[in-house]
Structure formats: structure tokens, C-alpha cells
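Predicted model only: the values in this text are computed from it and were never measured. A note on names: the letters A, B, ... follow the listed sequences, proteins ahead of strands, and every chain is numbered from 1.
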2 protein chains.
Amino acid sequence: MREAMAPKAEKTTATPALPGLDDLVGYHLRRASIVDLQGASAALEAVRSRPVPFSVLSCIVERPGISAAEICRVLGMQRANIVSILAELEERGLFLREADSRDNRIQRLFPTRHGQDVAAQGIERVAQHEEVLLQHLSVEERHELRRLLAKIWQ
Amino acid sequence: MREAMAPKAEKTTATPALPGLDDLVGYHLRRASIVDLQGASAALEAVRSRPVPFSVLSCIVERPGISAAEICRVLGMQRANIVSILAELEERGLFLREADSRDNRIQRLFPTRHGQDVAAQGIERVAQHEEVLLQHLSVEERHELRRLLAKIWQ
DNA sequence: TATTGTTATACTCTATAACTATA
DNA sequence: TATAGTTATAGAGTATAACAATA
């Protein structure tokens, strides 16, 4: 607010070609992502989870038998960071580990019935949150947005 | 494949209405944002900064005389979290604090010449990074993406 | 009472290095 | 040697509570 009455001098000799923070797509990407994360986090409280742990659970439910390393590749996270998340999900009885019959290094993860229910409830809640988040976007715009975003990271 | 004989509920009895992780706009928002942040962080190493501190500096450069609390409102961050960031930027001589003449609670922040240079160099680097990030998007798509993202958080 | 700047603190998420055991 | 799971650790970012000074 207020221009502060031109404090002393300078004021930068006009920067016409120089882009500002608001011109960067990444800035809006970040701001939008933060708003989404906050809403998603609130939505996931209903199933006592958080965005990343919930994404991991969803992976297991959507791909029964997936390994931890595979989940990391799918979600783009470090193997070291999934360990405590899996420990928590396992303790809650949301999935089970089963040794791979051919490769003893690998543990194959299978969702329990409870895990499937929690994942379904979570997705439902997050979808409801997105309905609010994207309320000012038409169906076409939502699809276009998702398409453009996927193009960036995939 | 193998229809007829009415299957008795096996292997995911078709989940048509249930959205998966990949259907959530927020999922792609997050993934895209992470990729962008990584690139932006790398780009900002050239000016020894990071996304958030750089955003704060940009705010000061773009709005000379802004206060810390105002920056927090602009960037959507907590007042408590800007303190150490300002301390670092100040120590590097990127801006100066000046007591407000009317309200002694407020410190008005003004960029130094060096601060302006660093901000300009940083923006340039980040813009170059975005050129790579958005290389597969047309100019129209980039503008549409930014418009849709701004619609979400603004 | 409300706001500014501040300290302290905790949590989430991401990152790297290094270890073990298997392959 | 390469990969899977793991431990430890660090860093960035976000969040809340509380305080003193000022309005």
C-alpha cells in the first residue's frame, strides 16, 4: 500500500524488458500448489494422513504388488524418504509386505481392505477439495490445466 | 477380453467413478511445482539465493519502501518466517532498513544497487530456466497456464 | 485491542551419503 | 557392479504460540 512518498531518489530507471516475479509461471505454480496442498492436507485429516503418505498409499492400492523402489520412481521421491512413511502406513494396517519369490531384495506391497477403504475415502475428500479449488475453472479449463501441468513434469 | 459369464467380483470390479492419483489436478500441480523448484533453485545458485529468499528480495526491489509485514501478505507467508530471510539478505547488503517516520513499529525496506543487480540477475536466470521448463509449451499455452494458475490462488 | 517485528519451536517434505544384503 | 531397503542427517519451507514495543 502507499508509495511511501519517494524516499530519496533512484527508483530504478524504468525496467521495461525485465520480467517481474508475477511474470514467472513458476511463481504462480508455487502459489497455486501451496493453496492446493493446504486444502488437500485439511481434506486428508479425515483419514489421518498427509499428501505424501497418502500418495504412497494410493500407489499401493492402485498397483498391488508394487515395491518401495518402484513407488519412489513413480512418485519421484528418494528411497530414503519412503521408509518412515511405509512404517507408519504398515503400523496402521493399511498394507502388508510380502517377500518377492524370485528376488529377496524386494518386498512386494499389498493393500489391506482397510487400506483400500482409507485410500478411497481420501481420494473422495481430496476430490471434494479440488472441486472448491477449481470452482472458477470450467471443465475444459481443468482438463487443459492438467494437460499442461503433465506436459511440464512428465 | 473374457466377458460373458458374468464375472463374480474379482480383480477390481471396474472402478469407473473412483478417481486415481493421476486424475487429481493437485497431483500434477505438485509434481510440476517440484520440477520447477528444482530448476529454479539451481538457477538461483548463480546469485547464491533460494526461491523464497529471492522472492522476498524481488518484492523489495519491485516495491521499494515495502514493510516486512506487507511482503508477507504479498507472498502469503508468515511474519515469523521472514525474519531470518531478511537478516540474511541484509547481511549481504542487498537492502537497507529505514524507520517509518509516522509509525515506529514499521521498518521500510529499500534495495541497494547491489540488491537490484542480484534481483535482475536472478530473474534472468530463472527466466532462462523457465524457457527449458516450458519448452514443449507454445507461447499461447504458457499464457493460458499462467492465467489458470493465477485463477486458483488469487 | 490490534499490528509489527521477533524468538522459539515443530512439522512436512526433499536431499545426500553411506551401510547391508542381495543379485 | 548394480539394486533394494535402510539409517542418519541436513536443509528448505511452512505453521503456531507467545512476547515487547507501538499504535
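Side chain of A:Q78, nearest nucleotide from D:dG5, C:dA15, C:dA2: C:dA15. Side-chain atoms of B:S67 lie closest to C:dG5 of the nucleotides C:dC13, D:dG13, C:dG5. Closest contact between the side chain of A:I34 and the listed nucleotides D:dG5, D:dT14, C:dC13 involves D:dT14. Residue B:Q107 has its side chain nearest to C:dG5 when only D:dA23, D:dT6, C:dG5 are considered. Comparing D:dT6, D:dA15, D:dA23 against the side chain of A:A80 picks out D:dT6 as the nearest. Among D:dG13, D:dG5, D:dA23, the nucleotide with an atom closest to any side-chain atom of B:D103 is D:dA23. Of the candidate nucleotides C:dT4, D:dT22, C:dC13, C:dT4 has the atom lying nearest to any side-chain atom of B:A69.
Interface remark: the A:N81 side chain does form a donor-acceptor pair with the C:dA15 base, using a distance-only criterion of under 3.5 Å. The base of C:dG5 is paired with the side chain of B:R79 by a donor and an acceptor separated by under 3.5 Å.
Pairing each heavy atom of B:L145 with each of A:I152, the nearest pair is CD2-CD1, 3.6 Å.
Base engagement by A:V83 is indicated by at least one non-hydrogen atom pair under 4.0 Å involving a base atom. Residue-level contact check: B:R30 touches the backbone only, with heavy atoms under 4.0 Å from sugar-phosphate atoms and none from bases.
C:dT3 atom P lies 13 Å from atom CD of B:E70, rounded to whole Å. Protein atom CG of B:D36 is 19 Å distant from nucleotide atom P of C:dC13, rounded to whole Å. Atoms CH2 (A:W153) and P (C:dT14) sit 13 Å apart, rounded to a whole Å. Residue A:I85 contributes atom CD1, which lies 8 Å from atom C1' of C:dC13 at whole-angstrom precision. Taking atom CZ of residue A:R48 and atom C1' of nucleotide C:dC11, one finds them 17 Å apart after rounding to whole Å. Between the CD atom of A:E45 and the P atom of C:dC11 there is a distance of 14 Å, rounded to whole Å. For A:R108 and D:dT3, the CZ to C1' distance is 13 Å, given to the nearest whole Å. Atom-to-atom, CD of B:Q38 to C1' of C:dA15 comes out at 9 Å; the value is rounded to the nearest Å.
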**Working for side chain to side chain contact (heavy atoms under 4.5 Å, CB included), residues B:C59 and B:L75** = CA-CA 9 Å; B:C59 263; B:L75 295 182; 3.8 Å; yes
**Request:** Dump the intermediate steps for salt bridge (charged side-chain N to carboxylate O under 4.0 Å, His left out) on A:R147 and B:E141, then the final yes or no.
**Result:** CA-CA 10 Å; A:R147 185 183 74 83; B:E141 286 177 327; 2.8 Å; yes
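The number of heavy atoms from other shown groups lying within 6.0 Å of CD (A:Q135) is above 12. Other residues, nucleotides and ligands contribute only 12 or fewer heavy atoms inside 6.0 Å of the CZ atom of B:R48.
A sub-4.0 Å separation between OP1 or OP2 of C:dC11 and a side-chain N or O of A:R50 is absent.
Along DNA chain D, the nucleotide nearest A:I106 and the nucleotide nearest B:N104 are compared for position; the residue whose nucleotide lies closer to the 5' end is A:I106. When each of A:R105 and A:L37 is assigned the nucleotide of DNA chain C with its nearest heavy atom, A:L37 is the one assigned upstream, toward the 5' end.
Of the possible polar contacts, one joining the A:R142 side chain to the A:L134 backbone as a donor-acceptor pair under 3.5 Å is found.
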